[in-house]
Amino acid sequence: MNASLPNQNQFIDLNEKQIEAVTLQNESALILAGAGSGKTKVLTSRISWLIQTNVVSPFGLIAVTFTNKAAKEMLQRITMQLPINTRGMWVGTFHGLCNRFLKTHARDADLPDTFQILDSQDQLSLIKRTMKTMNVDDETYAPKQVQHYINGCKDEGLRAAHVDTYDTHSKKLNEIYLEYEKQCQKEGLVDFGELLLRCYELFEKNVAIRQHYQDRFKHILIDEFQDTSELQYKWLKLLAGNSSFVFAVGDDDQSIYSFRGARVGNMKDMERDFHVKQIIKLEQNYRSKSNILNTANAIIDHNKNRLGKNLWTSAGEGDPIRIYTGHTDIDEAKFIVDEIKMLHREGISLNHIAILYRSNAQSRVLEHNIFSSNLPYRVYGGLRFFERAEIKHAIAYLRLIANKNDDSAFLRIVNFPTRGIGSRSLESLQDISRRDGCSLWHAAQKTSNQASAIKKGLPYFIYLIKHIENGFEGLTLPQMIDLIINESGLKDHYTNEKDGLDRVSNLNELVSAAATFLNNDNNESSNPLGDFLNYSSLESGDMQASEGADAIQLMTIHSSKGLEFDVVFISGLEEGLCPHEQSLFESKGLEEERRLMYVAVTRARSKLYLSYALSRMLHGQTRYGMPSRFLEEIPESLVKNINTISFKNNVDQIEENYSQPSQQKHTWRIGESVMHEKFGQGTVLGYEGNSDDLRIQIKFNKAGTKWLAMEYAKLFKR
DNA sequence: AAGCAGCCAATTTTT
DNA sequence: TTGGCTGCTT
């Protein structure tokens, strides 16, 4: 049937749709790949097929992912399928690949070849610093918002000079953006968005370079296409030119990152711009039982503007979806723990069980209850290795030595560990630097003509850096890092600190990380230090502790994307939490929340539990909620309600649970019909606040949903 | 320079 | 309720 398929094992277990995708010839393609439909397999098989049938050489294609993990996995699978060395192949993340382009053409991109990459933390502190020198009030212009603004502009491919501003506020924002750009350029720093934008501009302006890569990469493959930003799409169009073929794999129903610039619309645009003949849909799911898939299908069916697909499986129905109603968040957590204990006794290993939640704040109650039951667990998220303060400090020494213009690195370490350099000496440095247009490091050298080995003050700092730099002569990278953490005083500092032992061991870990880095990829690099610095900012290091341990997995729904578990608990399914109340103010916000729910449901292989609590401690206050609307979107035939709670005895339960002595009894109950003299008839949705400041949320038939203060609301029973 | 009180905000976060 | 940040005190 498929004469064009080489007779190789890796292709025989593909289904018909997958084969169709893998073997497409001479056209750009959009593959709509549902959850669990074998998308990674299709992508890697496609690459193998292209190479094996000599359509293209391993170096004539480029494959783009969003995460390092996905890129790594892709390379691994290719290695398993083909007897080729994948080193040097252009497979990587958008950021990693753009970095590679920029490193190769640093001069053409107007960057020093020592340029450093800023992670989000670094970016924020540079923004704060810029705002300070501009005397911008950080109350009116919150640095976080400025960061969001700048990143948003870059995601759209906009330079500060190209933004149209109308009001004073946006004008100011843009001024900061402009100044920030200048400062980055001066220090030789590039943030994540800049990597992409700079690379885009390089292709745009430099015809020769663009042509070169257009000719070279005849096949461009993209994973998670629904998450691409406007800029990434423009970059793709530019790189593809008129003669390359794009193979994009994505799922519009799993687009959950619009708040970070992801633009689902790219899928429809691609269909048009790349003359996609027909979208290929992968709808057979190899992960979940049909009850789970039908639940997912039913929920997502409530969204409009989908490309449209329906997952199916031949795996059988499996268990019904179990729904649990908790009186409180504590009650909910206890149920989940009990259930996990039972499953564990039945032989399901803990790391195949996940508890998902909408927001990180929800993990606390869960953790607390799991902890007291003595079950091992692991929480995803939080600080990663290269984001830890002690690691960033050590890296900053490396950065400053590699690039003396890096004021960001300078400021981070000039007085850390403290060596008596106060704010006034720093201010005078900033003055000199501004006056002479030089870096802080050079300004520092002007103030004190001689370096001093006496262990304090600026002269000592200058001495120290030079001393370390001289000591680097003939050392390997791990030895350099070892030298830094000892000579800088970092190790001593943390050794003497009361809870510093973890930090010391992290610093030691950094030495081994450098050794591993050399062993793995870069033993023949001409600039291992620079490469390691890049690596540290692009690869935030997901070396989370106890990776292999058998532990319950706790994470947000967002971070569960791409993973799968035998058993999944989705907790906190209340109106206001999931869908999150903030999302209701955003355009298309509810649809994205629904996609989030879809992603969560499709993580489960065989058992799915959904739970919600009628009251929950949030921001230090008890909040009363209604079940999430998503629960009502599931056909009852798929569901088994584990318990039922009447609203009346719930109020008593809540009081027992939180033991609040003098909670004012309110007359209105959730779900009850009420009459308001102005707004007319409505239904009570929930409460918020405590007895002296209780507010009631009512959905009015005509006037919409409103929050009213109990004290003043003129309500009547119907 | 470290330690503490007071204030404020509080979805989601692949790079 | 919690964490992060600021600004004040020692």
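Throughout, a chain's letter reflects where its sequence line sits, starting with A, and its residues are numbered from 1.
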Review point. Expressed in whole Å, how much space separates the C1' atoms belonging to B/dT14 and C/dG3?
Key: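 Roughly 25 Å separates the two C1' atoms.
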
**Study point:** Interatomic distance at C1', C/dC5 relative to B/dT12, whole Å
**Key:**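 Pairwise C1' distance, C/dC5 against B/dT12, rounds to 23 Å.
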
Please report the distance, rounded to the nearest Å, between [atom1] in [X] and [atom2] in [N].
{"X": "A/His148", "N": "B/dA9", "atom1": "NE2", "atom2": "P", "answer": "18 Å"}
{"X": "A/Asp122", "N": "B/dT15", "atom1": "CG", "atom2": "P", "answer": "15 Å"}
{"X": "A/Arg424", "N": "B/dA1", "atom1": "CZ", "atom2": "P", "answer": "8 Å"}
{"X": "A/His619", "N": "B/dC7", "atom1": "NE2", "atom2": "P", "answer": "20 Å"}
{"X": "A/Asp138", "N": "C/dC5", "atom1": "CG", "atom2": "P", "answer": "12 Å"}
{"X": "A/Phe585", "N": "B/dA10", "atom1": "CZ", "atom2": "P", "answer": "13 Å"}
{"X": "A/Leu97", "N": "B/dT15", "atom1": "CG", "atom2": "C1'", "answer": "12 Å"}
{"X": "A/Phe259", "N": "B/dT15", "atom1": "CZ", "atom2": "C1'", "answer": "13 Å"}

Is [X] close enough to [N] that one of its side-chain N or O atoms is under 4.0 Å from OP1 or OP2 there?
{"X": "A/Arg384", "N": "B/dT14", "result": "yes"}
{"X": "A/Arg616", "N": "C/dT1", "result": "no"}
{"X": "A/Arg260", "N": "B/dT15", "result": "no"}
{"X": "A/Asn415", "N": "B/dA1", "result": "yes"}
{"X": "A/Asn360", "N": "B/dT13", "result": "yes"}

Practice item. Could you pick out which residue, A/Leu584 or A/Ile421, lies toward the 5' side of DNA chain B when each is mapped onto its nearest nucleotide? Key: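 Checking each residue's closest nucleotide, the 5'-ward one belongs to A/Ile421.
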
Review point. Which sits closer to the 5' end of DNA chain B, A/Leu538 or A/Thr418, going by the nucleotide each is nearest to?
Key: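 Comparing both residues, the 5'-ward one is A/Thr418.
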
Practice item. Determine whether the aromatic ring centres of A/Phe410 and A/Phe461 lie less than 6.0 Å apart. Key: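 Ring centres of A/Phe461 and A/Phe410 closer than 6.0 Å.
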
[X] side, atom [atom1]; [Y] side, atom [atom2] - distance, nearest 0.5 Å:
{"X": "A/His302", "Y": "A/Met597", "atom1": "NE2", "atom2": "CE", "result": "12.0 Å"}
{"X": "A/Leu196", "Y": "A/His95", "atom1": "CG", "atom2": "NE2", "result": "4.0 Å"}
{"X": "A/Gln582", "Y": "A/Glu593", "atom1": "CD", "atom2": "CD", "result": "10.0 Å"}

Among the candidates [options], find the nucleotide nearest to the side-chain atoms of [X].
{"X": "A/Lys128", "options": "C/dT2, B/dT12, C/dC5", "answer": "C/dC5"}
{"X": "A/His558", "options": "B/dT15, B/dT13, B/dA10", "answer": "B/dT13"}
{"X": "A/Ser359", "options": "B/dT11, B/dT15, B/dT13", "answer": "B/dT11"}
{"X": "A/Tyr257", "options": "C/dT2, B/dT14, B/dA1", "answer": "B/dT14"}
{"X": "A/Thr67", "options": "B/dT11, C/dT2, B/dT14", "answer": "B/dT14"}
{"X": "A/Asp227", "options": "B/dT11, C/dT2, B/dT14", "answer": "B/dT14"}
{"X": "A/Thr556", "options": "B/dT15, B/dT11, B/dT13", "answer": "B/dT13"}

Check your understanding: Hey, which of A/Leu426, A/Leu429, A/Asn415 is the one that makes side-chain contact (heavy atoms from CB on, under 4.5 Å) with A/Leu458?
Key ->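 That would be A/Leu429; it is the only one of A/Leu426, A/Leu429, A/Asn415 passing the side-chain contact (heavy atoms from CB on, under 4.5 Å) with A/Leu458.
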
Remember a base hit wins even if backbone is also touched, and classify [X] as base, sugar-phosphate or nothing at under 4.0 Å, heavy atoms.
{"X": "A/Ser537", "value": "nothing"}
{"X": "A/Gly420", "value": "sugar-phosphate"}
{"X": "A/Phe94", "value": "nothing"}
{"X": "A/Thr65", "value": "nothing"}

Practice item. Evaluate the ring planes of A/His558 and A/Tyr257, with Trp represented by its six-membered ring, and classify them as parallel (under 30°), tilted (30 to 60°) or perpendicular (over 60°). Key: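 Answer is tilted, since the angle falls between 30° and 60°.
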
Review point. Would you call the rings of A/Phe517 and A/Tyr535 parallel, tilted or perpendicular if under 30° counts as parallel and over 60° as perpendicular?
Key: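 Rings of A/Phe517 and A/Tyr535: tilted, 30 to 60°.
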
